[in-house]
**Student:** 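There's a structure below that I have some questions on.
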Amino acid sequence: MKDYNFKEIEKKWQKYWEDTNYGISADSSNKPKFYSLIEFPYPSGSGLHVGHCMMYSATDAHARMMRLKGYNVMFPMGWDAFGLPTENYAIKNKIKPQVATAKNVETFIRQQKSLGYSFDWNREINTTDPDYYKWTQWIFLQFYKHALIGGKLVEVDDDDTTTPRLAYRAEMPVNWCPSCKIILANEEVINGKCERCGTGSLKRVQKQWMLRITAYADKLIDGLSTVDYEEKIKTQQINWIGKSVGTNIIFDVKGRSGTIHDEEIEVFTTRADTLYGCTYVVLAPEHPLVTKLGHHVQNFEEVSEYISETKKKSDLERTELQKDKTGVKLYGVFAINPINGQEVDIYVADYVLASYGTGAVMAVPAHDDRDFEFAKKYGISTVQSITDKLDNILTLDKAYTDYGFLIDSAEFSGLSSSEGKKAITEKLKAKRLGDFAVNYKLRDWIFSRQHYWGEPIPIIHCDKCGMVPIPEDQLPLTLPDVENYEPTDDGQSPLAAITDWVETTCPVCGCKARRETDTMPNWAGSSWYFIAYAISQKLKVEGQKQSGNIFDDNKDLLDYWMPVDLYNGGNEHITLHLLYSRFWNIFLHDLGVVPSSEPYAKRINHGIILGPDGQKMSKSKGNVINPDEMAAQYGADTLRTYMMFIGPYNQDSAWSMAGIQGVFRFLRRVWGNIEKVSGVADSKELLLKLNQTILGVTEDLEKFQMNTVVSKLMELNNTIEKVGAISLESYSKFLRLLFVTAPHIASELWELAGLDGNIGSGSWPEVDSRYLVADQIDVVIQINGKVRGKISVSPNTPKESLEKLAFASDKIQPYLNDKEIVKIIVIPDKLVSIVVK
RNA sequence: GCCCGGGUGGUGAAAUGGUAUACACGUUAGCCUUAGGAGCUAAUGCGGGAAACCGCGUGGAGGUUCAAGUCCUCUCCCGGGCACCA
């Protein structure tokens, strides 16, 4: 027997798979389809990370099983290639981002192929490819051309400026780095500081493109009940959307000389039942009413100063110092509590957020911790009066925020909190001073970036016609070649400096006009790539010629492939990417271009591979494991199998050199064990273990319990060694199981054993339940719950016999002497449990 | 503060309420070898004992059950997410 020469074997089979199109899926088939999606990588300059290998190894194993089980499996790969690191690299090294991307992609493909992953290379996509981003732009235009009214999509005319389009422009506070003089994406702000230079980022108001994801908030919540995601993912998404149901309440505003007409304060509350306890009203510093009240406010100077102080605070300061609430009372003006006509004070305080609800709240210190704290600090209501009101329910140091029954609330007293909310809101509604209202924490999605390396937003600004979408048959709007990728000083995209690109003519009136110079965020291309795989050949072949819409033209493909059956990815994408891409898919479904409302039927998350020191891998810590080096030392099969064996799939695991060494030993022993293949009939012990392994490995692969898949294969190999012989038929089953984790060695051994055809075109082994039962089974005898003996019996021995055999056992006699037998429980094939007194 | 995970040998970890510690690493002893960071065999939860065996053991305290790592109540610790969201 030759040595296990993994280098030679792996090269041979990788070529074979390439030559025979292993992994290439058909667009039509009489087999059932299975769409297995993994998050496509950002092709960074540092190449494949072992974390990628962990996800690829596990999903590749699963895909191989599904193929053997007779599915037409789509297991595609592509490149999420727009993004800042490439742009920064381009700036630094004076290399075109297009060139850098192509080089990185080449490296990724080489690495992936060298590990034998069975991706469908015919479907490769790249978000930076104009054939691809043509359709990213097309989808953007559909957002621009549509609005969601009453849950239904409606088309919006080009000159309509009032209907709320799903893509719109708005003045938005953005993160501004005063040192780099650029606008930062949220992802570039780490703990309130610029990722590049560490300077604290400031808020700056600028016109931004927005996607109205909030219009889809309810659909995004409701859709979760139809998909198979871990509970953790669902709750995280629901929390992120943050739906809260409550009441909007209108307080009239009164000055020294009576009611100030036309001015009112609208607050949002989830606790309308506590309205009688309202002692003051608070406005966010950014609330427009504050400046409007102007001369009515006696201490307006003090108030203005407070507001400008707030503006100077960074996000970090405003949130980190949350315990220390600040604010200013507006002297000379009052708000009228609409339920009882009571005058209450008005404050401005930055613990109230302009961006949530109405930017104003009613304060009920007795029933809200934040109001309580603020009231205590500014002596607004005495603690004594709160306790009086609450009939001693309240302890002196905190608000009573639980539900209960209303007191001191006129005709509403005695109602439960939930009854009270409803009754009070109904009364306000009748007086036209309030109504039921829903709010979301979710904000609309800031969809523009002032960078070069992204999809250009296909809009033209015309002085006469306003914003005009580029006609769809003129897409894609491609990125121009530029010399300089640096953002400009005033926070504009580098595209703004390319005059001959910016200057264009209006598609409507033909006048001189300017192109939009912002680009899309790198979440854009990844929000529909799972759809693109199904039609990827069409993107390449017809992308430029297509005049209609590629989705409608290829409805049959989308109907066949969608939705994704299994989506595999990282925990870091549970909120943003998963939410964004669900949003796009639901929108496209509403538009009628994709068949299913939800894009992913099932989602599985993987953990992170940590360095050998248990720390997150990083160059600076020097604990980075390079997959190329590992594959060179131990082979692709060992690396793949170890990546599955390293620990529970959805849990973080630390790399271990001893661990990969152990897996290598396993494969080398498997290699040698081909000598145990014989013409002799299999022992019952081997048949039992083999069938247990088929059953267990199948179940574990389906559940992505990859570590036990490997341990079960090891157990079977141990049994082969122990028994010393295995029939060719049984061996072929073992190899097919092994094929999913270590496909190269399994293919080679298949050939060496002289088995027919190729292992990959066979079928998944079936369990023969005749062999699942052992000849003899150990049945445990328990006395008072403790194991005191064992009897070896044949399976299905009747209860009565088991009981007799148990009492006949010498082992247990000492425990029965002089004891009264209270109870006997017999579980066939398991145990006899005797209770004595 | 709120919402998720998770605490099991020396280590990574297994266990449809039914023999806790499979599998792997490590360790120890022996074999083989010129040699081994190679291979093979055996042992390996802790305490006691020459052994048979006994006692104790899944973060802690209770509970349900003939039987609990697993179910229930309370509690401690670790990791992650959200966080002044009214």
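These figures come from a predicted structure and were not determined experimentally. These numbers come from the heavy atoms of this one structure, side chains and all, not from hydrogens, waters or symmetry mates.
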**Student:** Taking the side chain of A/Thr708 as its heavy atoms from C-beta onward, which of B/rU19, B/rA14, B/rG39 lies nearest to it?
**Tutor:** B/rA14
**Student:** Which part of the nucleic acid, if any, lies within reach of A/Val780 when heavy atoms closer than 4.0 Å are counted: base, sugar-phosphate only, or nothing?
**Tutor:** base
**Student:** Write down the distance separating the P atoms in B/rU8 and B/rU65, rounded off to the nearest Å.
**Tutor:** 29 Å
**Student:** Starting at atom CD1 of A/Ile646, determine the distance to atom C1' of B/rU11, rounded to an integer number of angstrom.
**Tutor:** 13 Å
**Student:** Within less than 4.0 Å of OP1 or OP2 of B/rG39, is there a side-chain N or O belonging to A/Arg665?
**Tutor:** yes
**Student:** Does OP1 or OP2 of B/rC56 have a side-chain N or O of A/Lys786 closer than 4.0 Å?
**Tutor:** yes
**Student:** Taking A/Glu721 first and then A/Arg669, would you say they form a salt bridge - that is, a charged N and a carboxylate O separated by under 4.0 Å?
**Tutor:** yes
**Student:** Closer than 4.0 Å, any side-chain N/O of A/Tyr356 to the OP1 or OP2 of B/rA83?
**Tutor:** no
**Student:** For A/Asn707 and B/rA22, give me the distance from atom CG to atom C1', rounded to whole Å.
**Tutor:** 12 Å
**Student:** Between C1' on B/rG12 and CD1 on A/Ile660, what's the gap in Å once rounded to a whole number?
**Tutor:** 14 Å
**Student:** Indicate, with a heavy-atom threshold strictly under 4.0 Å, whether A/Gly662 touches base, sugar-phosphate, or nothing.
**Tutor:** sugar-phosphate
**Student:** For B/rG5, which nucleotide is its Watson-Crick or G-U wobble mate, given both distances must be under 3.5 Å?
**Tutor:** B/rC78
**Student:** Map A/Val663 and A/Gly785 onto RNA chain B by nearest heavy atom, then report which one ends up closer to the 5' terminus.
**Tutor:** A/Val663
**Student:** Is a salt bridge present between A/Lys621 and A/Asp613, judged by a nitrogen-to-oxygen distance below 4.0 Å?
**Tutor:** no
**Student:** What is the distance from CZ of A/Arg669 to C1' of B/rG39, rounded to the nearest Å?
**Tutor:** 11 Å
**Student:** Could you tell me how far B/rG6 sits from B/rA14 if I compare only their P atoms? Round to whole Å.
**Tutor:** 11 Å
**Student:** Given B/rA24, is OP1 or OP2 found less than 4.0 Å from the side-chain N or O atoms of A/Asn718?
**Tutor:** yes
**Student:** Only pairs with both distances under 3.5 Å count, Watson-Crick or wobble alike; so what is the partner of B/rG10 in this structure?
**Tutor:** B/rC25
**Student:** Roughly how far apart, to the nearest Å, are B/rG57 and B/rG69 at atom P?
**Tutor:** 10 Å
**Student:** Only pairs with both distances under 3.5 Å count, Watson-Crick or wobble alike; so what is the partner of B/rG55 in this structure?
**Tutor:** B/rC46
**Student:** Any side-chain N or O of A/Arg788 below 4.0 angstrom from OP1/OP2 of B/rC53?
**Tutor:** no
**Student:** Which one is paired to B/rC31, where only Watson-Crick or G-U wobble pairs with both distances under 3.5 angstrom count?
**Tutor:** B/rG39
**Student:** Searching all strands shown, indicate the nucleotide that pairs with B/rU70 (Watson-Crick or G-U wobble; both distances under 3.5 Å).
**Tutor:** none
**Student:** Taking A/Lys722 first and then A/Glu715, would you say they form a salt bridge - that is, a charged N and a carboxylate O separated by under 4.0 Å?
**Tutor:** no
**Student:** Measure CG/A/Leu578 against C1'/B/rC4 and give the value in whole Å, please.
**Tutor:** 16 Å
**Student:** Is the NZ or CZ atom of A/Arg668 positioned over A/Tyr4's six-membered ring, under 6.0 angstrom from the centre and within 45° of the axis?
**Tutor:** no
**Student:** Between B/rC23, B/rA86, B/rG18, which nucleotide has the shortest distance from any of its atoms to the side chain of A/Lys830?
**Tutor:** B/rG18
**Student:** As an exercise, state the distance from CZ of A/Phe251 to CD1 of A/Ile339, rounded to the nearest 0.5 Å.
**Tutor:** 10.0 Å
**Student:** Does the side chain of A/Val670 come within less than 4.5 Å of A/Phe734's, by heavy atoms?
**Tutor:** yes
**Student:** A/Gln705 has a side chain; which of B/rA24, B/rA15, B/rG18 sits nearest to it?
**Tutor:** B/rA15
**Student:** Tell me whether the OP1 or OP2 atom of B/rG12 has a side-chain N or O from A/Gln651 closer than 4.0 Å.
**Tutor:** no
**Student:** Is A/Lys243 salt-bridged to A/Asp218, cutoff N-O under 4.0 Å?
**Tutor:** yes
**Student:** Identify whether the distance between the nearest side-chain nitrogen and carboxylate oxygen of A/Asp345 and A/Lys329 falls below 4.0 Å.
**Tutor:** yes
**Student:** Whole-Å distance between B/rA67 P and A/Asn784 CG?
**Tutor:** 8 Å
**Student:** Categorize A/Ser656 for me: base, sugar-phosphate, or nothing, with a 4.0 angstrom heavy-atom threshold over every strand shown.
**Tutor:** nothing
**Student:** Measure from CH2 on A/Trp240 to C1' on B/rC2 and round the result to the nearest Å.
**Tutor:** 16 Å
**Student:** Under 4.0 Å between any heavy atoms, over every strand shown, what does A/Lys441 touch: base, sugar-phosphate, or nothing? Just pick one.
**Tutor:** base
**Student:** Using a heavy-atom cut-off of under 4.0 Å over every strand shown, decide if A/Phe645 touches base, sugar-phosphate, or nothing.
**Tutor:** base
**Student:** Nearest to the side chain of A/Arg668 - B/rA38, B/rU19, B/rA86?
**Tutor:** B/rA38
**Student:** Would you indicate which nucleotide in B/rC66, B/rA86, B/rA38 comes nearest to any side-chain atom of A/Ile825?
**Tutor:** B/rC66
**Student:** Taking the minimum atom-to-atom distance to the side chain of A/Val787, which one of B/rC23, B/rG18, B/rA20 wins?
**Tutor:** B/rA20
**Student:** What about A/Lys325: does its side chain form a donor-acceptor pair under 3.5 Å with the base of B/rC84?
**Tutor:** yes
**Student:** What is the distance, to the nearest angstrom, from the CG atom on A/Leu610 to the P atom on B/rG79?
**Tutor:** 13 Å
**Student:** Using a cut-off of 4.0 Å on non-hydrogen atoms, how would the nucleic acid contact of A/Thr575 be classed: base, sugar-phosphate, or nothing?
**Tutor:** nothing
**Student:** Syn or anti: how is B/rG9 classified when any glycosidic angle within 90° of 0 counts as syn?
**Tutor:** syn
**Student:** What contact category does A/Tyr815 fall into here, base, sugar-phosphate, or nothing, at under 4.0 angstrom with non-hydrogen atoms?
**Tutor:** sugar-phosphate
**Student:** Counting only side-chain nitrogens and oxygens, does A/Asn239 get under 4.0 Å of the OP1 or OP2 atom of B/rC4?
**Tutor:** no
**Student:** Have a look at A/Gln236 and say if it touches a base, only the backbone sugar-phosphate, or nothing, with a 4.0 Å heavy-atom cut-off.
**Tutor:** sugar-phosphate
